[in-house]
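Everything on this sheet refers to the single structure shown next.
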Amino acid sequence: MPRYDHSSIEPKWQAFWAENRTFETPDQPKEGSAGKLYVLDMFPYPSGDGLHVGHPEGYTATDIMCRYARHQGKHVLHPMGWDAFGLPAEQHAIKTGTHPRDTTYKNIDTFRRQLQMLGFSYDWSREISTTDEEYVHWTQWIFLQLFNSWFDPTFEWTGPDGVKRTGKARPIADLPIPDDVKSQGETAIRSYQDERRLAYQSEAPVNWCPALGTVLANEEVTAEGKSERGNHPVERRKLRQWMLRITAFAERLLNELEPLDWPESVKSLQRNWIGKSIGAEVDFFVLEPGKKADASDKRLDQRASSGYPAKPGDDVLRVYTTRPDTLFGATYMVVAPEHPIVDRIVTAEQKEAVEEYRRKSANKTDLDRTDLAKEKTGVFTGAYALNPVNGAETPIWIADYVLMSYGTGAIMAVPAHDERDLEFAQTFDLPVIPVVQPPDEKTDPIGFTDPGTAVNSGDYDGTPTAEFKKKITADLAQLGLGREAVNYRLRDWLFSRQRYWGEPFPIWHELDADGNPTGMIRGVDESELPVTLPDMDDFAPKGTPDPPLSAAPESWLYKTAADGTRLRRETNSMPQWAGSCWYYLRFCDPKNTEAFIDPEKEKYWLPVDCYIGGAEHAVLHLLYSRFWHKALFDLGHLSKPEPFQKLVNQGMILGEAELTAYRIADESAYSDKRDEKFATDLQRPWVSARNVTEEDGQYVEKETGAVLEAVMIDNDQVTKKGNDFVLKDDASIVVESRAHKMSKSRGNVINPDDIVKNYGADALRLYEMFMGPLEQTKPWSMSGVEGVYRFLGRVWRMMVDDAAESVTLNPAIKDVEPTEAQDRVLHKTIKAVTEDIEKLSFNTAISRMMEFTNEFSGQNPRPKSAMSQFLLLLSPFAPHLAEELWQVLGHSDSLAYAAWPKFDEAKLVESEIEIPVQVNGKLRAKIKVPAGSDAKAMEAAAKADESVAAQLEGKQIVKTVCIPGRLVNFVVKG
RNA sequence: GCCGAAGUGGCGGAAUGGCAGACGCGUCGGAUUCAAAAUCCGAUGGGGGUAAACCCCGUGCGGGUUCGAGUCCCGCCUUCGGUACCA
């Protein structure tokens with residue numbers, strides 16, 4: 001009795017595909033190709049834990065798309081690779097002494113085995129790892145492109161895509177050098193260039209994580225001031241770091257997002273991350289210490305003729321505001337503690353307090369900063385500035401709620417119309433002047449931040465906010481006191497890490513005679529790429545920001561240039577993002593030793609037609625990739641402005657749903673906190689889930705604060721009450737019903753290996769697609785897996801004779817013409833499955849195939865042609881089973897490139913259809929009418945129906961709604 | 001606080017403004033079996049009614065548009081995800 005045996009079928013076909021190179025993608029399309037399709041998965045980090053059930057979700061979705069597209073005659077590129085640099089392998093090395101390379105390639109082998117076991121149709125001949133030396137070569141080459149260019153914000157040009165743009169990355173050699181720099185000589189010129197490169201060094205306060213021994217990007221630090229990886233504390237330190245000038249591309253990253261076929265949510269995340277705001281810069285003149293504003297001060301007036309300077313003078317405090325209309329309400333100013341003007345303006349009396357505050361805030365970690373968000377702090381500098389619109393003397397404070405890195409690092413504070421300023425003003429008892437009247441008279445203008453009408457604003461009184469903004473910005477520009485300004489929340493990308501297991505920078509530092517760096521740098525010559533990692537066996541962080549590579553062998557670390565200059569290598573390494581920024585390009589031409597990608601191949605394959613992966617990369621990876629892509633585009637290496645045309649986020653797969661009840665954790669805790677009657681109770685009392693809250697990782701009862709323990713409850717111990725589940729024994733105790741994220745600590749992790757072993761790869765693939773919509777978060781269910789496994793068994797028995805000794809065709813399958821009814825079911829199924837695949841609605845496609853199977857399993861004879869066509873529909877989802885049965889049906893070839901079945905609309909038509917009849921919108925009857933009946937015929941048929949007639953009896957028909965083929969609705973009165 | 005997504009049976013989920021709950025799980029009943037597993041058949045939103053016919057209620061809550069609303073509009077509530085002094 002040959003049963004459906006996945007464990008023999010699946011390895012058989014995997015071996016067949018590998019031997020026959022079924023899924024290798026030739027560079028040239030086959031004759032008559034229906035066009036190219038590039039479908040990409042976000043390649044995984046090959047962690048030591050192996051594949052997680054989340055991986056096959058997106059991978060199955062793309063695999064279905066690709067297999068379907070091959071049946072449609074498309075030239076499909078479907079590659080896989082490894083994002084293999086990263087912390088865990090290095091931490092493993094520190095612990096065990098195993099070289100990160102060994103760990104990494106071992107893990108890659110595991111991942112490859114697991115993915116191949118799932119039957120994905122990747123072209124494995126294109127496999128790449130970001131850690132391969134040839135790959136590192138081109139990652140470093142791209143870095144050099146960035147290093148060797150600058151951004152010209154005013155350059156107008158038309159790209160290969162025919163779009164006109166302003167602003168372009170250009171070769172550094174094209175950077176105009178001002179005469180005063182030129183006159184200072186070669187060193188000055190080089191410094192001038194270095195400051196303007198797309199890859200540049202900066203000495204800035206950065207997020208230093210002692211536990212990880214590295215600096216982290218802002219993006220890698222959580223709101224709580226912890227590292228995203230590992231949750232270790234992060235502190236601020238001033239260090240020399242490599243930065244990438246992503247901010248130069250802010251406007252294009254924002255604008256060119258619009259036409260992409262991406263989820264609106266991801267676009268909006270990126271928009272918020274870029275954070276464009278439009279406002280004005282305004283100059284306030286600082287008064288000399290002890291001096292009052294007086295008529296002899298002509299500085300304001302002089303600006304009318306001198307105009308608005310590009311850089312503010314020493315006696316000017318320049319602020320950025322999105323609300324220039326509230327200038328009349330600016331009662332004080334605040335500068336960031338790091339602001340350079342502080343030293344110039346602070347008065348003798350305030351100096352000590354200011355210095356003390358600056359010291360404190362410099363050491364503040366991000367954690368402290370957010371903690372202090374509740375209460376504003378700051379110190380008065382003793383200095384005043386002149387409000388340009390009314391000459392009012394405005395005190396200047398320093399406070400760390402103003403950030404040096406945004407805008408000009410200084411603000412005008414309008415406490416009446418800004419929450420933060422109001423809080424600060426209230427703390428320090430500063431004046432609050434309302435200058436915006438809310439549209440609703442009853443609303444208090446103090447604390448009102450929305451648009452309204454100007455008050456207390458001199459001649460501008462009565463002007464609506466939007467108009468006022470434009471007007472005063474123009475007026476200030478006229479007087480040379482301000483101008484319109486745009487700001488972005490986006491910061492330059494901190495690109496260096498202090499780790500061993502990453503790409504080395506292709507950079508040399510020049511040394512002086514004493515071996516000290518001169519500050520001059522040069523790129524490694526392209527012919528010397530790649531810069532490979534030196535062999536080392538000590539990877540441990542030293543607790544100092546000296547990278548592990550600074551302990552590399554001398555031969556790696558130093559060399560003497562042709563011109564005799566002594567050089568030392570850059571010892572920072574690149575972040576993990578570097579490799580993933582451009583891997584989608586390399587897949588098109590993975591073995592090219594002359595270039596990172598052949599331009600013809602780039603033109604042919606790009607952009608990626610569909611990119612599927614987790615939402616956790618919505619901002620970082622996708623923004624970084626787009627940035628690199630645009631820079632390479634500007635430099636003429638790429639022909640399309642965007643890398644990923646369509647993006648889909650797969651939803652997270654949670655663990656199996658759990659029921660949790662809570663009860664008092666221990667006797668002592670409850671006996672003194674709760675009522676007497678409970679104290680005598682032997683059983684520790686349950687607490688309704690509604691009264692439970694989480695504090696510091698502990699569950700506690702809301703009112704009493706008593707510590708609780710969570711208890712897993714069985715299905716049969718609860719009952720449904722309203723919207724809640726409650727204990728059967730005590731209906732007042734609400735039980736929490738929820739699926740949690742899979743985690744080792746919770747013990748709810750599902751291992752794909754186990755599923756494949758017990759149910760097979762086809763069942764795992766099918767189940768993950770059947771769970772629900774791809775984009776949605778959904779809980780795992782073991783009995784759901786059994787459900788689809790049973791379905792596969794039904795498909796097997798529909799085609800195979802399970803009474804026979806060996807695998808033979810089911811005798812019900814005959815070479816006969818399908819009946820009209822069979823044809824209808826078949827063509828309905830073809831239509832539905834085809835359309836569902838195109839919509840990526842895989843769960844409903846599977847439902848349709850189940851319906852087909854339910855229908856045809858009961859039929860005898862079963863036409864062979866219908867069976868063959870059905871197998872093609874099933875094959876993208878369950879390729880192993882489909883291939884096996886395809887063979888059983890007598891086909892000798894693989895079905896991988898067989899033509900997709902076509903449906904015939906004519907065969908979908910039924911001769912008679914059932915139509916609902918409503919009376920006043922309520923369903924009253926169903927009638928059968930010939931297909932294609934017109935409204936009149938339908939109405940007549942409806943009226944002729946007995947129960948409809950009864951409903952209409954003695955009533956007046958006001959209106960009849962008749963939609964041919966859909967329904968009849970009588971609107972009646974009386 | 002702000003931004004985004006979502007609320008439909010016991011559960012996962014289906015429904016171009018037109019028969020709510022396709023399909024699967026679970027449950028119940030039956031067939032097969034010495035028995036079980038596997039498999040097959042049937043029932044299954046809630047309430048009333050006689051296990052029929054039939055009737056009433058039902059897509060988070062409250063309004064609205066419409067002959068007709070799970071679907072569109074307005075206002076709330078809840079959950080999940082992201083974000084956080086960005087002037």
Side-chain angles (χ1 to χ4, degrees), chain A residues 1 3 222-223 263-269 271-273 275-277 279 319-323 326 334 369-370 372-374 376 399-403 405-414 418-421 423-424 487-491 615-616 618-619 651-652 654 657 715 718-720 723 725 737-739 767 770-773 775-788 790-791 793-794 797 802 841 843-851 854 857-858 914-926 947 958-963 965-972:
Chain A
M1 273 239 287
R3 286 182 134 183
T222 65
E264 198 42 48
S265 60
V266 176
K267 286 189 183 181
S268 124
L269 278 172
R271 268 185 228 117
N272 291 341
W273 194 264
K276 181 180 183 175
S277 79
V319 302
Y320 171 73
T321 177
T322 54
R323 291 295 300 273
T326 59
V334 186
R369 276 187 172 237
T370 33
L372 289 167
K374 288 159 204 146
K376 295 265 181 293
D400 64 4
Y401 82 92
V402 171
L403 310 172
S405 50
Y406 184 78
T408 60
I411 62 158
M412 61 173 207
V414 185
D418 181 286
E419 270 175 57
R420 297 151 301 181
D421 296 345
E423 210 181 304
F424 191 84
N487 261 296
Y488 301 91
R489 203 188 78 115
L490 183 71
R491 304 292 151 78
E616 67 273 20
V619 177
M652 206 191 330
L654 304 175
N715 235 331
V718 301
T719 179
K720 186 99 180 184
N723 282 325
F725 282 99
S737 167
R738 206 156 87 79
Y767 172 64
F770 188 60
M771 292 171 87
E775 298 88 337
Q776 200 168 299
T777 301
K778 39 210 178 275
W780 186 266
S781 155
M782 222 51 221
S783 49
V785 179
E786 299 203 23
V788 293
R790 282 203 282 263
F791 163 66
R794 283 203 299 279
R797 288 189 301 276
D802 67 348
S841 178
N843 56 330
T844 51
I846 294 167
S847 304
R848 300 306 198 146
M849 292 188 281
M850 287 172 167
E851 285 176 290
N854 291 344
S857 292
E914 200 179 55
I915 294 290
V917 181
Q918 301 181 338
V919 176
N920 281 347
K922 283 192 176 182
L923 179 71
R924 292 301 177 189
K926 290 172 188 180
S947 63
V958 183
K959 188 175 175 182
T960 306
V961 181
C962 244
I963 316 288
R966 305 248 38 137
L967 64 26
V968 181
N969 186 12
F970 295 106
V971 186
V972 301

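Since we're looking at a predicted model, the values are computed, not measured. So you know, we letter chains A, B, ... as the sequences are listed, proteins then strands, and number each from 1.
Taking side-chain N and O atoms only, Q776(A) has no distance below 4.0 Å to OP1 or OP2 of rA5(B). The side chain of R489(A) places no N or O atom within less than 4.0 Å of a non-bridging phosphate oxygen (OP1 or OP2) of rU83(B). Under 4.0 angstrom from either OP1 or OP2 of rG12(B) there lies no side-chain N or O belonging to K778(A).
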Summarise protein proximity over nucleotides 52-61 of chain B in one line of letters, 5' to 3': B for base, S for sugar-phosphate only, - for none, counting protein heavy atoms closer than 4.0 Å.
-> ---SSS----
When you check every protein heavy atom under 4.0 Å of nucleotides 17-22 of chain B, what one-letter string (B, S, -) results, 5' to 3'?
-> -BB--B
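Counting to the nearest Å, the P atom of rA37(B) and the CZ atom of R790(A) are 12 Å from each other. In this entry the distance linking CG of L269(A) with C1' of rA84(B) reads 13 Å, nearest Å. The separation between E775(A) atom CD and rG81(B) atom P is 18 Å, rounded to whole Å. Between the C1' atom of rC3(B) and the CG atom of N272(A) lies a distance of 6 Å, rounded to the nearest Å. Rounded to whole Å, atom C1' of rA84(B) lies 12 Å from atom NZ of K376(A).
Separating the P atom of rG75(B) from that of rG4(B) is a span of 14 Å, rounded to the nearest Å. Spacing of P atoms, rC73(B) relative to rC25(B), comes out at 36 Å, to the nearest Å. Taking the P atom of each, rG13(B) and rG18(B) are spaced 22 Å apart, rounded to whole Å. A distance of about 28 Å separates the P atoms of rG1(B) and rG12(B), rounded to the whole Å. The separation of rC74(B) from rA84(B), taken at their P atoms, amounts to 30 Å, rounded to a whole angstrom. Remark: the separation of the P atoms in rA5(B) and rA53(B) is 45 Å, to the nearest Å. A gap of 37 Å separates the P atoms of rA6(B) and rC55(B), to the nearest Å. Between rA20(B) and rG68(B), the distance separating the two C1' atoms is 14 Å to the nearest Å.
Under a cut-off of 6.0 angstrom, the local environment of CD in E616(A) is crowded, with over 12 non-hydrogen atoms contributed by other residues, nucleotides or ligands.
Residue-level contact check: T321(A) touches the backbone only, with heavy atoms under 4.0 Å from sugar-phosphate atoms and none from bases. When heavy atoms are screened at a 4.0 angstrom cut-off, N854(A) is found touching the sugar-phosphate backbone but no base atom. Heavy atoms of R271(A) sit nowhere under 4.0 angstrom from any nucleic acid atom. Residue P263(A) is out of contact with every strand shown, counting any heavy-atom pair closer than 4.0 Å. Within the 4.0 angstrom heavy-atom criterion, only backbone atoms of the sugar-phosphate kind lie near G787(A); the bases stay farther away. Note on S277(A): only backbone sugar-phosphate atoms sit closer than 4.0 angstrom, heavy atoms only; bases stay farther off.
Counting heavy atoms from C-beta on, the side chains of F970(A) and R924(A) never come closer than 4.5 Å. Counting heavy atoms from C-beta on, the side chains of D421(A) and I411(A) come closer than 4.5 Å. In this structure, Q918(A) and V961(A) have side chains that are not in contact, with every pair of non-hydrogen atoms separated by 4.5 Å or more. Looking at N854(A) and R794(A), their side chains come closer than 4.5 Å, going by heavy atoms from C-beta outward. Within the 4.5 Å cutoff, side-chain heavy atoms of R491(A) are placed close to those of Y406(A). The closest side-chain heavy-atom distance from V788(A) to M850(A) is below 4.5 Å.
Between Y401(A) and F424(A), the two ring planes are tilted [angle within 30° to 60°].
Heavy atoms only, all atoms of each residue included: V968(A) and T960(A) are closest at CG1-CG2, 4.4 Å. Taking each heavy atom of S847(A) and F770(A) in turn, the nearest pair found is OG-CE1, 3.7 Å.
rU16(B): no Watson-Crick or G-U partner with both key distances under 3.5 Å is found in any strand. Shown here, rC40(B) forms a base pair with rG30(B); the pair counts as Watson-Crick or G-U wobble because both key distances fall under 3.5 Å. Using Watson-Crick or G-U wobble geometry with both donor-acceptor distances under 3.5 Å, rG4(B) finds its partner in rC80(B).
For E914(A), there are no salt bridge (Lys or Arg N to Asp or Glu O under 4.0 Å) partners, not counting sequence neighbours.
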